[in-house]
Amino acid sequence: MNGSVSPNAPAKVARTPRGMELCRVRPDLMTLDGNVKLALEMGRTRLLVAGIVFALAFSVIGFRLVDLALSDRGNEPRIAAESASGQLQTGRADIVDRNGVVLATTLPTASLYANLKHLNDPAEAARKLAAVLPDLERSAIHKRLSSDQSFVWVKRNLTPKQQYAVNRLGIPGLYFQRELRRFYPHGDLLPHTVGFAGIDNVGFSGIESAFDDLLRGTNDPLRLSLDVRFQHILTHELAKAMADFNGIGAAGVILDANNGEVLAMSSLPSFDPHVPARASDDQRFNRATLGTYEVGSVFKIFTTAMALDKGYVTLNDGYDTTDPIRIARFTIRDYKPKKRWLSIPEIFMYSSNIGTVYMAMEAGTEVQQDFLRDLGLLRSAAIEINEVGRPLLPSPWREINTMTVGDGHG
């Protein structure tokens, strides 16, 4: 057929050299192999990126830690420095007596409040709270916990035992707020002098009020001239006198005769400065500084001193006290009359009203006023508290007033 191949002849298969046979490759296997390689490459890339991000994050955190440790701009180093100084920053300085005994100090406390949005059963919560806080009425707590507000105070300034008892109840919606409260270690011994501060640590009376700005502006204790030992003695004696004479009140002051410093000051009845709202007006009234009284015959010492100091009489002089003194519709007589001539020392010794009035009239109204003014008796007492009364002065100051002021009854 001239080299042509017959259609029915079997086809000849091309062969490669031995060991080099060609094999067919399936397309689906090639695609799977490519996806695996691509997934591996993407995983490596993501791990690399994640490693770089974590390395940067830890580097930033490490740098910040080093910065806080070496610099003084952070809060924690400053707190550490303050703690190392031994001073607790309470926002209000202590008050101490002349020997350093603490009269008033500030301590941290916990105050209980409720978030009513988190409170499930106000009635049940009120029942449980009334059981551990017996000074609160159950109905009052329930009314407070049932209000439309989201925040309500339940009780301020809990004791540690009260805080523990409330915490054990496990009532959702009850939380504690750290606050600072003023404490007075000696209770009702010095409330009229030291005074007391309110629930927000603002001074309301006594030293707490008069030195409020100073106490809030420093952490150094405010030292007073008071001595707690003398205060105990004075208060004890006043209380004993009240009991013996069935008195409604008493007041006393101990002064240093060398410089006029107040060593003790007491006014009875007293009150607990931790709960001043429970005290009556009579208990809170400071009889030692705010009260104004007719001093009586004690005032004769000033009239006698005035007459002697101004040269109107000498110790060898005297007056006839036989008859009472009558002026207008008033009569001045002696309580235990001697009805004779009395020397100046005898007039003072026997507390003669008649003899003392004669001395006052000898000096006259103007001299009497000037002398008392020089002694500071015509103005409020100079003491570092705000509760100080003003003396009651005659107006107008007539002749009869000169007489009665002279013997201490004007």
Side-chain angles (χ1 to χ4, degrees), residues 94-105 107 135 159 181-198 203-211 221-301 351 377 380-392 408-409:
D94 291 350
I95 299 176
V96 300
D97 80 342
R98 67 191 306 118
N99 301 309
V101 178
V102 176
L103 307 180
T105 188
L107 297 176
D135 56 326
T159 65
R181 187 189 180 189
R182 204 68 165 161
F183 283 93
Y184 303 92
H186 299 278
D188 61 356
L189 183 65
L190 299 126
H192 297 95
T193 310
V194 174
F196 61 90
F204 280 164
S205 70
I207 294 295
E208 291 276 31
S209 174
F211 291 87
L222 175 63
R223 188 179 299 270
L224 307 181
S225 63
L226 297 174
D227 191 317
V228 169
R229 299 170 299 178
F230 293 150
Q231 186 72 27
H232 276 287
I233 295 172
L234 175 61
T235 303
H236 173 76
E237 293 301 322
L238 290 177
K240 184 176 181 298
M242 283 183 62
D244 291 344
F245 296 98
N246 196 27
I248 62 173
V253 181
I254 298 178
L255 301 176
D256 186 331
N258 296 313
N259 52 27
E261 288 184 342
V262 179
L263 302 180
M265 178 183 292
S266 183
S267 176
L268 298 179
S270 188
F271 65 95
D272 185 353
H274 298 108
V275 283
R278 298 180 184 176
S280 65
D281 292 340
D282 186 55
Q283 289 176 304
R284 289 196 298 266
F285 185 80
N286 188 349
R287 288 172 163 79
T289 61
L290 194 56
T292 54
Y293 310 98
E294 189 176 73
V295 295
S297 293
V298 174
F299 209 79
K300 289 187 175 76
I301 190 172
S351 188
L377 297 177
S380 299
I383 188 170
E384 299 94 336
I385 59 176
N386 299 325
E387 298 79 26
V388 180
R390 295 184 60 84
L392 301 178
H409 297 282

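Along the sequence shown, residues carry numbers from 1.
Within 6.0 Å of atom CG in Leu255, more than 12 heavy atoms from other residues, nucleotides or ligands are found, so the atom counts as buried in its surroundings.
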Atom pairs and distances, donor-acceptor, side-chain atoms in residues 263-276, under 3.5 Å, two or more places apart:
from	atom 1	to	atom 2	distance (Å)
Ser266	OG	Thr235	OG1	3.2
Ser267	OG	Phe285	O	3.3
Ser267	OG	Arg287	N	2.9
Ser270	OG	Asp188	O	2.7
Asp272	OD1	His274	N	3.0
Asp272	OD1	His274	ND1	2.9
His274	NE2	Tyr184	N	2.9

Less than 3.5 Å apart, which donor and acceptor atoms pair up between the side chains of residues 237-244 and the rest of the protein, not counting sequence neighbours?
from	atom 1	to	atom 2	distance (Å)
Lys240	NZ	Asp244	OD2	3.2

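Every residue meeting the side-chain hydrogen bond (donor to acceptor under 3.5 Å, both in side chains) condition with Arg98, not counting sequence neighbours, appears here in chain and number order: Glu261. By the side chain to side chain contact (heavy atoms under 4.5 Å, CB included) test, Pro221 pairs with Asp94, Val96, sequence neighbours left out. Residues meeting the ring-ring contact (aromatic ring centres under 6.0 Å, His included) test with Phe299, sequence neighbours left out: Phe302. Take Thr292 and apply the side chain to side chain contact (heavy atoms under 4.5 Å, CB included) test, not counting sequence neighbours, and it matches Leu392. Every residue was checked against the side-chain hydrogen bond (donor to acceptor under 3.5 Å, both in side chains) condition with Ser205, not counting sequence neighbours, and none meets it. Every side-chain hydrogen bond (donor to acceptor under 3.5 Å, both in side chains) that Asn99 has, sequence neighbours left out, goes to Asp227. Listed by chain and number, the residues in a side-chain hydrogen bond (donor to acceptor under 3.5 Å, both in side chains) with Asn246 amount to none (sequence neighbours excluded).
Nearest heavy-atom pair across Asp282 and Ile248 is OD2-O, 4.3 Å. The minimum heavy-atom distance linking Val253 with Leu234 is given by the pair N-CD2, 4.1 Å.
Note on residues 245-260: no pairs pass salt bridge (Lys or Arg N to Asp or Glu O under 4.0 Å), not counting sequence neighbours.
Looking at Arg278 and Gln283, their side chains never come closer than 4.5 Å, going by heavy atoms from C-beta outward.
Side-chain atoms of Glu208 never come within 3.5 Å of backbone atoms of Val194 as a donor-acceptor pair (strictly under, hydrogens ignored).
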